[in-house]
Amino acid sequence: MATIIYTLALVLFVVDLSYFGKVACDNSALGASFIFGDSLVDAGNNNYLPTLSKANIKPNGIDFKASGGNPTGRYTNGRTIGDIVGEELGQPNYAHPFLSPNTTGKAILYGVNYASGGGGIMNATGRIFVNRLGMDVQIDYFAITRKQFDKLLGASQARDYIMKKSIFSITIGANDFLNNYLLPVLSIGARISESPDAFIDDMLSHFRDQLTRLYKMDARKFVIGNVGPIGCIPYQKTINQLSENECVGLANKLAVQYNGRLKDLLAELNENLPGATFVLANVYDMVMELITNYEKYGFTTSSRACCGNGGQFAGIIPCGPTSTLCEDRSKHVFWDPYHPSEAANVIIAKKLLDGDTKYISPVNLRQLRDL
């Protein structure tokens, strides 16, 4: 079971190595893509962990051209939102998973992906999967990368490169509800002792500290996804025996409550952290638009998983070799019980790149790159 399509925080450090020698003085050069978050943007970190949350099995990756259709650890049939955004912003290679043995030397100059299926803002989130990288650990790993940049570029040039030419993308928060607060067996004690307001307070307090840590390591351009309509994913619809047009009210209510507070937090950080730009990606409304008006975007269903098994919407058993696979993957909003298809990711990425302030504010990602 992985994390979800929501909570979009994409850490993008887009690097063009052909410009690398003059990166400090060439204003047209792209920087690196640093990606933090959960399974929505995990590019393979969980392959290297003893964890129950893995996607390095077929048919995951069946449409991922860079691997010839083989699984890479991405929780979708093709590219993640982070992959697509990186391509559109001119990144020559995908950001390498931090835990991959190949993520060394100049390879990191394109950026690094720290995201982990099952990860969350809170350290307890995702413990049902045994292992995962929470946001605190992901930032610990970025601290290692940050020192490597100093060695590769020299301290002054590295600082300039990270501050001015790199985007930090963070997609996290959904698991804190789905695989922590709302998890029936493991969280009942917490839910009795902690109200939704108090839990969201804890989440945002931790997140404020985490974003400030990145700022202190010279991160300046941030894009942070809010939590999507987690009550509408095939898994939630299936286990709650809902109809096609219904969603789980409590899960969506918590997401909306968190998202309102997140918006306030980012406004506070924009005001209080000099030189930083925190962009809010309104993933909730983007995904709800796709779910509600799926036919308008060329889909035939926004309820049934393309790859999965169990129940009316194939929403209980995660995607794997024995799963039922849909005939046309481009016609499903959801690839598996939890995650969007590449076709949905393309639409979401387009809104992030070029959308108006309804979906991404105060600037879109092309504008953020050029700041």
(request) Report the relative orientation of the aromatic rings in Y235 and Y338; use parallel for angles under 30°, tilted for 30 to 60°, perpendicular for over 60°. (result) tilted
(request) Please check if any side-chain donor atom of S205 sits under 3.5 Å from a side-chain acceptor atom of D202, or the reverse. (result) no
(request) Output yes when a side-chain donor or acceptor of N46 lies under 3.5 Å from a complementary backbone atom of L49, and no otherwise. (result) no
(request) Over all heavy atoms of both residues, which pair between R220 and G275 is shortest? Give the atoms and the distance, please. (result) CD-O, 3.7 Å
(message) If you compare all heavy atoms of G228 against all heavy atoms of Y284, which two are closest, and at what distance to 0.1 Å?
(response) C-CD1, 3.4 Å
(message) Checking the side chain of E244 only, and the main-chain atoms of S303 only, is there a donor and an acceptor separated by less than 3.5 Å?
(response) no
(request) Could you point out which residue of T76, N345, I35 forms a side chain to side chain contact (heavy atoms under 4.5 Å, CB included) with I81? (result) N345
(request) Using a 4.5 Å cut-off on heavy atoms from C-beta on, say whether the side chain of N77 contacts that of S341. (result) yes
(message) When you compare the side chains of N245 and S243, does any donor N or O come within less than 3.5 Å of an acceptor on the partner?
(response) no
(request) Check whether any side-chain N or O of N226 sits under 3.5 Å from a backbone N or O of V283 as a donor-acceptor pair, and report yes or no. (result) yes
(request) Measure the shortest side-chain to side-chain distance between I233 and V248 over non-hydrogen atoms and say whether it is less than 4.5 angstrom. (result) no
(message) Within the structure provided, determine whether H332 and F299 are in side-chain contact (heavy-atom separation under 4.5 Å).
(response) no
(message) To the nearest 0.5 Å, what is the distance between CE on M203 and CD1 on I200?
(response) 7.0 Å
(request) Indicate yes or no: at least one non-hydrogen side-chain atom of C306 is less than 4.5 angstrom from one of D336. (result) no
(message) Please determine whether residues L290 and W335 belong to a single hydrophobic cluster, defined as Ile, Leu, Val, Met, Phe, Trp and Tyr linked transitively by side-chain heavy-atom distances below 4.5 Å.
(response) no
(message) Taking salt bridge (charged side-chain N to carboxylate O under 4.0 Å, His left out) as the criterion, tell me which of R74, R79, R329, K65 meets it with E342.
(response) R79
(request) Look only at the side chain of E88 and the backbone of V85, and say whether a donor-acceptor pair between them is shorter than 3.5 Å. (result) no
(request) Say whether L280 and L265 are linked into one hydrophobic cluster, either directly or through other cluster members, by side-chain heavy-atom distances under 4.5 angstrom. (result) yes
(request) Would you kindly confirm whether Y110 and F64 end up in one hydrophobic cluster when ILVMFWY residues are joined by side chain heavy atoms under 4.5 Å apart? (result) no
With a 3.5 Å cut-off and sequence neighbours excluded, list the donor-acceptor pairs that the side chains of residues 311-323 form with protein atoms.
from: S323; atom 1: OG; to: P318; atom 2: O; distance (Å): 3.4
from: S323; atom 1: OG; to: G320; atom 2: N; distance (Å): 2.8
from: S323; atom 1: OG; to: G320; atom 2: O; distance (Å): 3.2

(message) Quick check: do Q236 and I230 have side-chain heavy atoms less than 4.5 Å from each other?
(response) no
(request) Starting at CG of D42, measure out to OG1 of T80 and round the result to the nearest 0.5 Å. (result) 9.0 Å
(message) Using 30° and 60° as the class boundaries, would you call the ring planes of F168 and F142 parallel, tilted or perpendicular?
(response) perpendicular
(request) Check the pair D370 / R366 against salt bridge (charged side-chain N to carboxylate O under 4.0 Å, His left out), numbers first and verdict last. (result) CA-CA 6 Å; D370 296 337; R366 289 195 204 277; over 6 Å; no
(request) State, to 0.1 Å, how close A281 and L352 come at their nearest heavy-atom pair, and which atoms those are. (result) CB-CD2, 3.4 Å
(message) Taking the ring of F199 and the ring of Y181, is the distance between their centroids below 6.0 Å?
(response) yes
(message) Has D38 got a side-chain atom pairing as donor or acceptor with A115's backbone, closer than 3.5 angstrom?
(response) no
(message) Could you measure the distance from the CG atom of N45 to the CG atom of N131? Nearest 0.5 Å is fine.
(response) 12.5 Å
(request) Classify the ring geometry between Y161 and F149 as parallel (under 30°), tilted (30 to 60°) or perpendicular (over 60°). (result) parallel
(request) Would you indicate whether the side-chain heavy atoms of L266 and L211 approach each other to under 4.5 Å? (result) yes
(request) With side-chain contact (heavy atoms from CB on, under 4.5 Å) as the test, would you mind laying out the steps for V137 and F98 before giving the verdict? (result) CA-CA 11 Å; V137 174; F98 178 84; over 6 Å; no
(request) Give, for atom OH of Y258 and atom CG of D201, the distance between the pair rounded to the nearest 0.5 Å. (result) 12.0 Å
(message) What I'd like to find out is whether the side chain of M135 reaches to under 4.5 Å of the side chain of I139, using heavy atoms alone.
(response) yes
(request) Indicate if Y297 and I360 have the same hydrophobic cluster label, given that clusters are the connected sets of ILVMFWY residues with side-chain heavy-atom separations under 4.5 angstrom. (result) yes
(message) Less than 4.0 angstrom from a charged side-chain N to a carboxylate O is my criterion; do R146 and D218 meet it?
(response) yes
(message) Assess the residue pair L99 and L133 against the criterion (side-chain contact (heavy atoms from CB on, under 4.5 Å)); give the C-alpha distance rounded to whole Å, side-chain angles, the decisive distance to 0.1 Å, and a yes or no.
(response) CA-CA 10 Å; L99 294 179; L133 308 178; 4.0 Å; yes
(message) I'd like to know whether T103 forms a side-chain contact (heavy atoms from CB on, under 4.5 Å) with I108, so could you lay out the CA-CA distance, the side-chain angles of the two residues, the decisive distance to 0.1 Å, and finally the verdict.
(response) CA-CA 6 Å; T103 307; I108 71 172; 3.9 Å; yes
(message) Same cluster or not: Y75 versus V346, using hydrophobic residues (I, L, V, M, F, W, Y) connected whenever any side-chain heavy atoms lie under 4.5 Å apart?
(response) no
(message) Working to the nearest 0.5 angstrom, can you tell me the gap between Y294 OH and I347 CD1?
(response) 14.0 Å
(message) I'd like to know if R208 pairs up with E268 as an ion pair, taking the criterion as any Lys NZ or Arg NE/NH1/NH2 lying under 4.0 Å from an Asp or Glu carboxylate oxygen.
(response) yes
(message) Please tell me whether C326 and C307 are bridged, where bridged means their SG atoms are separated by under 2.5 Å.
(response) no
(message) Tell me whether N270 contacts the main-chain N or O of F278 through its side chain, where contact means a donor paired with an acceptor under 3.5 Å.
(response) yes
(request) Of all the heavy-atom pairs spanning A43 and N113, show the shortest one and how long it is. (result) CB-ND2, 3.5 Å
(request) Rounded to the nearest 0.5 Å, what's the gap from CZ on F177 to CG on L183? Could you check? (result) 14.0 Å
(message) If we ignore hydrogens and angles and just use 3.5 Å, is the side chain of K221 paired with the main-chain N or O of K164 as donor and acceptor?
(response) yes
(request) Kindly indicate, with the supporting measurements, whether the criterion side-chain contact (heavy atoms from CB on, under 4.5 Å) is fulfilled by N70 and K58. (result) CA-CA 7 Å; N70 290 309; K58 292 183 176 182; 3.7 Å; yes
(request) Taking R132 for its side chain and T125 for its backbone only, find out whether a donor-acceptor pair lies under 3.5 Å. (result) yes
(request) State which residues pass side-chain hydrogen bond (donor to acceptor under 3.5 Å, both in side chains) with T292; sequence neighbours excluded, sorted by chain then number. (result) none
(message) For V279 versus V363, what's the shortest heavy-atom pair and its separation?
(response) CG1-O, 3.3 Å
(message) Could you report the tightest heavy-atom contact between K237 and C247, atom names first, then the distance?
(response) CE-SG, 4.2 Å
(message) Assess whether a salt bridge exists between R213 and D140, defined as any Lys/Arg side-chain N lying under 4.0 Å from an Asp/Glu carboxylate O.
(response) yes
(request) Output yes when a side-chain donor or acceptor of T51 lies under 3.5 Å from a complementary backbone atom of F129, and no otherwise. (result) yes
(request) Could you check if a side-chain atom of V227 sits within less than 4.5 angstrom of a side-chain atom of L262, using non-hydrogen atoms only? (result) no
(message) Tell me whether N47 contacts the main-chain N or O of T72 through its side chain, where contact means a donor paired with an acceptor under 3.5 Å.
(response) yes
